[in-house]
Structure formats: structure tokens, C-alpha cells
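Below: the structure, in C-alpha cells.
This structure is a prediction, so every number in the text was calculated from the model and none was measured. Convention: sequence-line order gives letters A, B, ...; per-chain numbering from 1.
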Amino acid sequence: MSEKLKSPGMFSVRRTFYVSTRVLRQFVRDRRTFGMMIMMPILIMLIFGFALSGEVTNVPIIVQNSDQGATVFGNSVNFGSKLTDSLGKDSRVSVTLGDYQAGITEIDNAKGYFASILIPKNFTNEILAKLNKQPVNITINLYIDKTKPAIRASILGAIGDAIKSLSGQSFINVDEIGAFGGASYSGLDVAVPSVMGLVLTFLVLLVSLLTAIREDLGGTKFRLLSTPLTAREKVIGYVAALTLFALVEAMLVLVFGVYLFGATVKGNIWLLVFSAFIYGMVNVFLAIFLSNFVENELQAVQMGPLIAFPSMALSGMLVPVESMPPVAQFFSQFIPMTYAINIFEGIMLKGFSFDKLVPQFQALGIFALIFLLFSFLSSRDTMK
Amino acid sequence: MKYIVETENLMKHYEKGKIKAVNGLNLKIKEGEIYAFIGANGSGKSTTINMITGVLKPTSGHIKVMGYDMVKNRHKLSQYIGVAPQDYSVYTDLSVEENVMFFSRMYGVKGKIARERMKSILTILRLEERRKERVKNLSGGMKRRVSIACALIHNPKILLFDEATVGVDPVLRRDFWEYFRSLKENGQTLIITSHVMDEAERADRIGLIRAGVLIEEGTPAALKNKYNAQTIEDVFLTLSGDEAVDE
């Protein structure tokens, strides 16, 4: 007669409890993971809250007031000056008095201005004529960068309020001419450059990081260190392989964005491929540098959002950099994605050629060199 | 007497000296011998191996390999050393052949020579028929053999096998030792670590390590004779007392 077997129970709260406590204990023991678990939500909320708290202010515009004014009952009147003064007092725009045509050139060459306004020379007279019920058409010329909807809305809002301030006149037309060929863009057109930047940041960084740490996790790191392979050769080997991967990622993003969803590319498509590739490389170098400080896959996976979220918040992907508080604007300069999105938008929406994007390419080049240098300096031929 | 590996007062400490993995080790290994480096788990064997291969920097002391300071000449000396680490340390998603060829290239062994040498090594290690197979699909013993093949491909002067026979069945272990003998006859020096004491009986000389210190050294016969013991395990137990040594 065999002994009667006891059942261990189909569901044990105690066993379940021990699984939970063991998992929590592992969390706490992996100090880096635990630190990230606590710090990441705080950091992300701080960065996002800070970056998104601002409204679009101080958008640089150029105003040419050609209004010659008029004399009414012995008093000189100049509605053009009043309009310019109103714009000057509006925090949404930052007015520079200048030449309308020169302003257009500045906008076309991405010199930091977003609109150029021309107030015509008989502006006051036309308003007076209109007030006397004469059939006149009053028009202000506005040359504007339409690629950033939030900035455009801010400029139009400021102009609208300034016009209303002229004794509540609503019969003044604004002849809006879009810069960069005058095209108006769909939501997708405006979104694709930013999405490209995000995909290249997140995916290239994460996959490169996971690939780079696989050597450590598989135990082959020790064996490789015992061969004549130098740390520099290893870094370059990884860079070469992963750069190829970055190129494939860049091509995929472009093919899907441009050919499948029909996103606008006004500039040279090959310049776009080149810029996506350069930005992919920046992330590969960053991943190889970071891989020296990552001990396991969990930490690597956490590293992706840790880089991607601040990049999203500060690069101008969600809100224009110009609308961020000054401190956030300062930090956005140290985010590679800021320059990548500028380049992607420049080529895709504004049709910029390489010569108009040299500063942005230079910035990405500097990031690439710094990360590569850090990768070399942090890779060692021996273990501690 | 010419020593191919010498260590002098070698130390490797961690956590500001709280952990003394190797603590004043003095080794003298002769060219062309099979030296068994025996000790319990955690006694400092692998740490010593990693310092001899140049992977770890000693906290203090000196390592000479072929008469040269290892720390200063790590890059040059690495060509003369082959190591099969304790874990398999091969790329499991690559095939047997791809692994061996990869390491041949790391050591600068060129195409035709590498291919001929690989064929010969894989035949001896009975891996020839599985050479196209991915390592992850192989048994533990086969993975161990792949690891050894990778260590042999550049025909090194010094071979370090860290727990090479752990988890290997008795028949394969016997074959391994036969192969180690043939390598010795070829003029190569073998340093084999193990925590299995009876393994050491087959070596030319034995070094017993405990808590990072060499506690005894000699031929198997001399050690057994000195301590009036039947086996090397008895020698080790005599030297260790009844104290547990697993750290």
C-alpha cells in the first residue's frame, strides 16, 4: 500500500507572497534600477512640466511701417505707428523695425525670424476713408513661416489683437503669404520630422545599447579581453556594425513617412537620408558610451526612455523651443534631437539645402565626436 | 630552470581590501608542464587565471609571462596565451565554425592556416560533424569543447583551462586529459584549474590554493608521500583541517 500523497494546494497565498517579496528584493538590490525607478518619473515630470508650462512668447518678427499718416482736425494721426506699438507691447512677439523685403530674406535663410509685416504707406488714409464709408480695401502684408503651427498662431493672434486695438477696427485684411513656397502643411507633414527624430533616438539608442551589453551578459567580454583585441578596435567594430543598423533604421523611417504616409519633402531626399544617418550615428556613439555603465538588460531598457523623454520635452518636438521658459531653452541646446528636428524640418518643410543647415550639422558633428571620444575613454583593455 | 609563468606576492583585493581574492600568491610554472591549480570554489583560482591572462589588473605584486611583465606587455603576450574560461564564453548564436574562426581572427591567424587548424582541432575534439550548428543547440560538454577549440586555434604557448572539465562526463573527461597530454607533448604549457581534487592526479605538478594563498605545491606522488595520503583530496583535507573552504 503506497503512502497517500498530500496536495500542495492549487493556489497558495504564501507562495505567491514569497514570489512578490523576492521580486521586490531584487528590485531594491539592483541599486541602479531602483534609483531609476524612483528618479525617472520625478525627472520626466519635472522636465515635461517645465518645458510645457510656457506659452509661445517673444517670437521674433520684423515690421516695416510705411504709413505716412494723416492730419485730422489739426491733429496728426498714424495708425501704422499705433499698430506697431501694439505689437511691440504684445509679449507673444518680439518686434524689430526693419525692411519688409529684408525680413523675407531673413526668414527664407532661417536667420531666426518667423514673420515680416508691411504696413502700407496710405494705411491711415485708407482707414479714415473706410470710416467715411468709402469702399476701400485695407491690407497688411504678412510673410510668415507656417511650418510651426503654434508659432504661426501666436503671430496671427498678436496681429489680430493689434488690429482690434485700432478703435476696434475689423475691416483690415491680412494678406498672409507662406514662406518656403507658401505651402500649408497637414498635421502629418508637421509631425513626421519630429517622429523621425524620436524613432531614431529611441530605437537606435536602445537596440545599440542592448547589442553592446550582450558581450558582457554572454560572458565573452572576459575572453575578448584576453585576446590582442584593443578597446579602440572593439569600439570601432561596434560603431561600424551599428552605424549600418542606424542607416537601415533611417531608411525605414523615411520610406514609411514619405512614401506610405505621403509626408512632404520639399528639399533633397538624399540630404534627408544623410542627416537621418548622421543623427543615427550620434545615438550609436551615445549608446556605446552608455554601455560601459549598464550592467544588465533591465538597466539598458530603462536607459532608452531616460534619454528619449527629455529629448521629446526639450527638443521642440511637442512645443516649439521658442515657447519654452528660458531655462528650458538653454537646456534644449544640449539635446542632439533639437538639431536633428531642425534639420529634418528644414529639409522636409522648408526645402533647405545643406548650406542653410550648416550650424545644425556642425552641432550634431560635435555631439558625435564628444560621444565617440567618451566611448574610447571609457572603454578599457582590462577589468578593474 | 625556465619558468613560463611566475607570480610574486600577487594580490587582488576588492572593496578597499575587505575582500582578498588573491593574497600574496607566489607561483612558478615550468615551460611544457601540466600544472593543476586546485582549490575550493572561491579560493582565488579564476581571479589568478584572469590576472595571468591580463584581463584583471593586480592590486599589487608581479606577474611574469615568458619572462615579461604581464601588466606592461599585455597586448603582446596575449598572442601566446589561450584561455578557456570557466563559463563557456562563446557566442551561442553563432555556429561552432563561426566562433572558432572569429577567435582565430582576433589572434591574427590567417585564412587557410586558420581553416586547416580549425579542421584538425574540431576533428580531435569530435566537433567536426557539428561545426555548422549553432552553439546554443549543443550540449554542455560540446559547448565546453567549442570553448577549448577557440582557445587552441592560435596554437598558443600557454593554455589556461579554468574548470575545463566541470560538468563533463567521465568518458569525455578521460579524453580531455589524453588531449591535454598530447598538447604537452607538443611543447605547450597547460594550467588547469579545478575544484575536483582527483583531477589533479593526472597533472605533472599541483598547486593547492586556499583563500588566495598557495598552501602547498609539488608532484602528485610527492604530495601524497609527504602527507602520507591515499589521494590528493586527502592531502587537501589534511592541509585545510575540517574547516569548510567554500567561500
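- Residue-environment remark: CZ (A:R15) exceeds the threshold of 12 foreign heavy atoms within 6.0 Å.
- In B:K64, the NZ atom is not crowded: 12 or fewer heavy atoms of neighbouring residues, nucleotides or ligands sit closer than 6.0 Å.
- Considering all non-hydrogen atoms of both residues, A:S226 and B:T53 come closest at CB-CB, 4.0 Å.
- No other option in B:A151, B:C150, B:S78 has as many heavy-atom pairs under 4.5 Å with chain A as B:S78.
- Between A:L229 and B:R74, the closest heavy-atom pair is O-NH2, 3.9 Å.
- Taking a 6.0 Å sphere around CZ of B:R134, one finds it holds 12 or fewer heavy atoms contributed by other residues, nucleotides or ligands.
- For A:R223 against B:A84, the heavy-atom pair with the smallest separation is NH2-CA, 4.0 Å.
- Looking at B:D93, the atoms closer than 4.5 Å to chain A (heavy atoms on both sides) all sit in the side chain, from C-beta outward.
- Residue B:S147 touches chain A through both its backbone and its side chain, counting heavy-atom pairs closer than 4.5 Å.
- Residue-environment remark: OH (B:Y179) exceeds the threshold of 12 foreign heavy atoms within 6.0 Å.
- Residues A:T227 and B:F102 form no side-chain contact, since every pair of their non-hydrogen atoms from C-beta on lies 4.5 Å or further apart.
- Within a 6.0 Å sphere centred on CD of A:E297, heavy atoms belonging to other residues, nucleotides or ligands number 12 at most.
- By the neighbour-count criterion of 12 heavy atoms within 6.0 Å, atom CZ of A:F376 is densely surrounded, having more than that number from other residues, nucleotides or ligands.
- Per-residue heavy-atom pair counts under 4.5 Å with chain A were compared for B:I81, B:L160, B:V83, and the maximum is reached by B:V83.
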